[in-house]
Amino acid sequence: MDSATSELPTHRTPLRDTAETGLKIVVVGGFGVGKTTLVRSVSEIRPLNTEEVMTQAGVGVDETDGLPAKTTTTVAFDFGRISLNDRMVLYLFGAPGQERFWFLWDRLFSGTLGAVVLVDTRRMDDSWYAIDRLEHHGTPFVVAVNRFDDNSVRYSLEEIRQALALPAHVPMVDCDARVRASGKDVLITLVNHLHDLATAKEATL
Amino acid sequence: MTPRKPVDTGDPDRLYLVTGGRSRADESFDLVTLIVSESAPTPGMQSEHARILELCEHPVAVVEIAAELGLPVTVVRILLGDLLDTGRVTARHPRAAASVASLPDSALLQEVLHGLRNL
Ligand SMILES: Nc1nc2c(ncn2[C@@H]2O[C@H](COP(=O)(O)OP(=O)(O)OP(=O)(O)O)[C@@H](O)[C@H]2O)c(=O)[nH]1
Ligand SMILES: [Mg+2]
């Protein structure tokens with residue numbers, strides 16, 4: 001598992017000087033579902049970790065009478081990166097699907113191309129919430145089922161679709177988040193879906 | 001940076017020091033806006049400003065700067081605003097960061113697909 005990590009350089013790998021367009025895709029899912037593993041398997045850098053702060057109202061570093069608010073909350077997330085060509089760089093974010101995180105969704109992920117909901121069939125409840133929020137935000141997404149070896153029950157994608165009450169137009173895909181080719185396939189499934197949506201929309205203009 | 005729990009309580013005092021008490025971040029800096037230094041650090045410059053200038057010799061995304069400095073994204077946006085105002089950095093903003101629900105055009109997505117397939 002960690003062999004994939006050690007192959008990556010530990011020092012910073014700079015972007016090309018011609019890089020000009022940053023793009024975002026977000027991987028959401030419950031605790032331990034494999035978000036960081038998926039990011040790592042496709043990223044050209046070792047996943048980095050960062051944080052954003054918010055007050056209870058969700059507004060950033062707050063001030064009270066010129067003093068910083070005493071109750072700031074920090075939400076951490078990790079990310080990796082893929083240089084697509086000389087100009088375009090795709091950033092892949094791993095975000096916990098928990099309730100508090102969604103206060104920060106707009107500030108962090110407005111303009112995101114789309115999202116991957118990573119599902120562990122043993123903990124479907126975590127996915128429900130993420131799907132509901134993405135629909136609410138109007139963010140297009142696909143559902144990727146991370147198949148864990150130690151899971152004895154193997155539900156079909158169709159069974160999972162029904163359990164999640166997922167509309168037919170939302171693509172689903174099996175994956176093994178540890179495998180680069182599989183992670184790549186998940187991303188291609190998402191961008192294909194986005195491309196279809198964009199093409200359909202352009203046809204009506 | 002040491003990994004943290006997804007949600008924990010930050011240290012407001014430290015952030016207050018770094019930003020000189022300011023709280024309004026320049027919202028035009030997206031997480032994936034690419035920053036490039038236009039000058040070298042000068043003596044006496046605030047250390048965070050100097051670090052950013054060193055880091056951004058080649059383009060670096062805002063979120064990577066935050067990770068490297070171990071500072072929240074909001075704080076980095078404030079620091080970048082200072083550097084942009086004084087012409088010490090330039091910013092390459094993302095094309096696709098309009099409203100949440102609006103899709104980028106199919107030509108851009110085709111380029112993304114092409115890049116992913118070539119991985
Ligand atoms: N068998 C198997 N194990 C996996 C797979 N994906 C992830 N794991 C393991 O599951 C554990 C959790 O994976 P992470 O990638 O850390 O999950 P995460 O969603 O980032 O977890 P949090 O950030 O803590 O919420 C790790 O020990 C991974 O090695 C998979 O596809 N198959
Ligand atoms: Mg993780």
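Just so we're on the same page: letters track the sequence lines, and every chain starts at 1.
Nearest heavy-atom pair, E52(A) versus V73(B), reported as atom, atom and distance to 0.1 Å: OE1-N, 3.5 Å. Across every non-hydrogen atom of S110(A) and D30(B), the tightest pair is O-OD2, 3.9 Å. Nearest heavy-atom pair, T50(A) versus A66(B), reported as atom, atom and distance to 0.1 Å: OG1-CB, 3.4 Å. Taking all atoms of both residues into account, the shortest heavy-atom contact from A19(A) to P59(B) is O-CG, 4.2 Å.
Of the two parts of L15(A), the backbone and the side chain both hold a non-hydrogen atom closer than 4.5 Å to a non-hydrogen atom of chain B. The contact between L187(A) and chain B is made by backbone and side chain atoms together, counting heavy-atom distances below 4.5 Å. For E20(A), the parts lying under 4.5 angstrom from a heavy atom of chain B are both the backbone and the side chain. Using a 4.5 Å cut-off between heavy atoms, L113(B) touches chain A through backbone and side chain atoms alike. For H114(B), no part lies near chain A; criterion is any non-hydrogen pair under 4.5 Å. At a 4.5 Å heavy-atom cutoff, the contact between R16(A) and chain B is made by backbone atoms alone. Of the two parts of N192(A), the backbone and the side chain both hold a non-hydrogen atom closer than 4.5 Å to a non-hydrogen atom of chain B.
Considering only heavy atoms from C-beta on, P104(B) comes within 4.5 Å of L113(A) through its side chain. Side-chain atoms of R92(B) and T21(A), non-hydrogen and from C-beta on, never get closer than 4.5 Å to each other. When side chains are defined from C-beta on, R107(A) counts as touching T74(B), because their heavy atoms get closer than 4.5 Å.
Ranked by heavy-atom pairs under 4.5 Å with chain A, the first of H58(B), E64(B), Q110(B), R117(B) is E64(B). Of the listed residues (V112(B), V63(B), N118(B), V76(B)), the one with the most heavy-atom contacts under 4.5 Å to chain A is V63(B). Counting heavy-atom pairs under 4.5 Å between each of V42(A), L48(A), L194(A), N85(A) and chain B puts L194(A) at the top. Contact count versus chain B (heavy atoms, under 4.5 Å) is highest, among V191(A), T199(A), L197(A), D196(A), for V191(A). With chain B as partner, the option from H195(A), R87(A), M88(A) having the largest number of non-hydrogen pairs under 4.5 angstrom is H195(A).
Taking CG of D105(B) as the start and NZ of K201(A) as the end, the distance is 10.0 Å to the nearest 0.5 Å. Put simply, CG on L119(B) and CZ on R180(A) are 5.5 Å apart, with the number rounded to the nearest 0.5 Å. Rounding to the nearest 0.5 Å places CG of L34(B) at 11.0 Å from CG of D17(A). Expressed to the nearest 0.5 Å, how far CG of L31(B) lies from CZ of F93(A) amounts to 4.5 Å.
Q46(B) CD: more than 12 foreign heavy atoms inside a 6.0 Å radius.
Put simply, the side chain of E51(A) never gets that close to the backbone of L71(B): no donor and acceptor are under 3.5 Å apart.
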